[in-house]
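Computed from heavy atoms alone, side chains included, the values below leave out hydrogens, waters and symmetry copies. Just so you know, these numbers come straight off a predicted model, no measurement behind them.
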Amino acid sequence: MPGKTEAYLSEVCEHIKSKTVHEAIKSELKCHIEELIEGYRDSGYSPSAAEDKALAAMGSAEEIGQRLGRQHRPKMEWSLIVLTAALAILGLIINRSMLPMPRIIMVAGFGTLAMIGTAFFDYMKLKKWSLPLFAALFVCLLVLTVLAPRMHGSHSFIRVPTIGSIMALLFTQLFFPLFAGASQRLRTNGGVKDALKVTGLTAAVMAVSMLLGRMNYYLVYMITFAIILASMTMEGYFAKKRLVLIPTGGLMLISALSFFSNSYYYSERFRAFISAGSNDPLGSGWLVSHLVNTLKTTPLLGSSGSDSLYALSAIDEYAFARLVGKYGWLAGIAIIIVVAALLVRLFLTSAKIKGDFGRQLSLCCCALLLGKFAVNILMNFNLLPVMGVTLPLLGHGGTDYVMTMLLIGLVLSVYRRNDLFAESKINLENN
């Protein structure tokens, strides 16, 4: 038969639905009980009497179990879900004229399943497998890139460029949640070797992105890594803060190499951006000239009335400009406010995470989403050259829609389990 203390702990855990925290709670409660027993024994009580006194001093097992059950239970960040749903539904409504209804239903279904599935996924399992998954993803993309035929100067997985582009977009973004676990698993003392390991992980993502021909997402990934490296520095990942210069230097070096290796690609788009499309209105500047014309002719309320709006209608990257041109600047401002609220809510949720891995994982997802939103909206205001970056949730790109929902689902998964692990302090006081 179990002893009195073990029976008491088992009774406490009977009232805690989340079995994930049972062992941590038992361990901490047992420490409290043993301290009390030692104190009573020092006062002259026998071992059995000391244990009885200690358990009596702890209080009712049922009451403690119920209190801890309320404290340690899964929870959802409903404001984040509401903001995500608002943008997601708005995006599907807006794109109803751009896509057939069966496709809209399919995209919405897959996106919802992706968010729900990851929200209820135990993200801690990702920590154990993140490094081998990161390596496997890198090797697979590298091999497929080398073996794939070239299409319009870029590698494609198969002979349908659209599907090849979709796969590249999907799989390269998966590097970022895996980066969180891989960097945590590789860390030893935060010294130079750890800084070099982070540099290697960063370089791997950027190099594969370059080889896949996804140059349009390069700036997004640079912004994402800049936020991640800044966070790692502030949270003490590196033993000395100046060691962050090693991965930062590596990031800048590989970015410079990509720029020079694709100088024609960049120069054409940069000239169109600087001249607002006037340098080549029938060529590389065609889209930019229509974008600028749409923004100039759009009133606060109502449609632009410009032929340029029709020219932008089929361009997924200009979904925001199309919305502004069709519904007016007030609609555009309202969308920016909702997007800003979503991003702020994401980062605030990430800041509440107690465990190092969970916080790093959610931050990687938040940083990637911020990079995608920022680059696309700045591009739509002609503050950045055309880069082909889809507006998350509001563009009609189905794969990016699903990926965005998956990333938000991971943040929800971390927050949902914020009080279900040993990192969470067990509070024995009355709430």
Side-chain angles (χ1 to χ4, degrees), residues 134-135 137-139 141-142 144-146 148 150-156 165 168-169 171-176 178-179 182-183 186 192-233 237-238 240-275 279 284-285 288 317 363-364 367-368 370-379 382-390:
F134 187 100
L137 182 60
F138 175 78
V139 171
L141 291 180
L142 194 62
L144 288 171
T145 302
V146 173
R150 296 189 71 86
M151 293 248 177
H152 308 294
S154 298
H155 285 293
S156 176
S165 176
L169 170 64
F171 290 127
T172 53
Q173 291 186 50
L174 286 176
F175 272 119
F176 289 93
L178 295 177
F179 176 89
S183 60
L186 289 173
V192 175
K193 289 184 179 180
D194 289 339
L196 291 173
K197 293 172 187 175
V198 172
T199 304
L201 294 175
T202 306
V205 177
M206 301 301 281
V208 168
S209 175
M210 180 175 65
L211 290 172
L212 288 170
R214 301 301 301 178
M215 301 307 299
N216 47 352
Y217 271 78
Y218 223 71
L219 181 58
V220 172
Y221 295 166
M222 287 180 66
I223 293 172
T224 304
F225 274 123
I227 295 172
I228 293 171
L229 292 175
S231 173
M232 293 171 75
T233 305
Y237 183 92
F238 303 106
K240 297 180 180 179
K241 290 185 177 181
R242 64 174 178 268
L243 290 177
V244 73
L245 295 176
I246 296 176
T248 302
L251 180 62
M252 294 176 65
L253 176 60
I254 195 169
S255 299
L257 291 174
S258 73
F259 176 81
F260 287 115
S261 65
N262 296 270
S263 57
Y264 177 78
Y265 173 89
Y266 285 120
S267 60
E268 284 294 306
R269 300 202 172 202
F270 189 74
R271 281 196 292 269
F273 162 65
I274 292 297
S275 66
N279 68 312
S284 61
V288 179
E317 295 86 345
L363 178 75
C364 286
L368 179 57
L370 171 62
K372 290 164 65 177
F373 272 114
V375 169
N376 181 273
I377 290 177
L378 290 174
M379 185 182 71
N382 198 36
L383 297 175
L384 283 176
V386 180
M387 295 185 183
V389 177
T390 304

Please identify each residue that fulfils ring pair (Phe, Tyr, Trp, His ring centres under 6.0 Å) with Phe179, with sequence neighbours left out. Phe225
Just how far is it from atom NZ of Lys193 to atom CG of Leu186, taken to the nearest 0.5 Å? 13.0 Å
Do Ser231 side-chain atoms and Ile227 backbone N/O form a donor-acceptor pair below 3.5 Å? no
Lys372 to Val389 - nearest heavy-atom pair and separation: O-CG1, 3.9 Å
Please enumerate all residues that pass side-chain contact (heavy atoms from CB on, under 4.5 Å) together with Val192, with sequence neighbours excluded. Leu196, Leu243, Ile246
Name the one of Ile377, Asn382, Asn376 that satisfies side-chain contact (heavy atoms from CB on, under 4.5 Å) with Met379? Asn376
Of all heavy-atom pairs linking Thr172 and Tyr221, the shortest is OG1-OH, 2.8 Å
Atom CD in Gln173, atom SG in Cys364: separation rounded to 0.5 Å? 13.0 Å
Going by the rule side-chain contact (heavy atoms from CB on, under 4.5 Å), which residues pair with Leu137 if we only count those two or more places apart in sequence or in a different chain? Leu141, Phe171, Leu174, Phe175, Leu178
Side chain to side chain contact (heavy atoms under 4.5 Å, CB included) for Phe134 and Val205? Distances and angles first, verdict last. CA-CA 9 Å; Phe134 187 100; Val205 177; 3.7 Å; yes
Any heavy-atom pair between the side chains of Val244 and Met232 that's under 4.5 Å? no
What is the minimum heavy-atom distance between Tyr217 and Thr390, and which atoms define it? OH-N, 3.4 Å
Of Leu201, Ile228, Asp194, which meets side-chain contact (heavy atoms from CB on, under 4.5 Å) against Ser183? Leu201
Quick check: closest heavy atoms across Val198 and Pro247, and the distance to 0.1 Å? CG1-CB, 4.0 Å
From Arg242 atom CZ to Thr248 atom OG1, the distance as rounded to the nearest 0.5 Å: 14.0 Å
Looking at OG1 of Thr224 and CG of Leu229, how far apart are the two atoms once the value is rounded to the nearest 0.5 Å? 10.5 Å
Identify the heavy atoms of Thr199 and Ala195 that sit nearest to each other, and give their distance. OG1-O, 2.7 Å
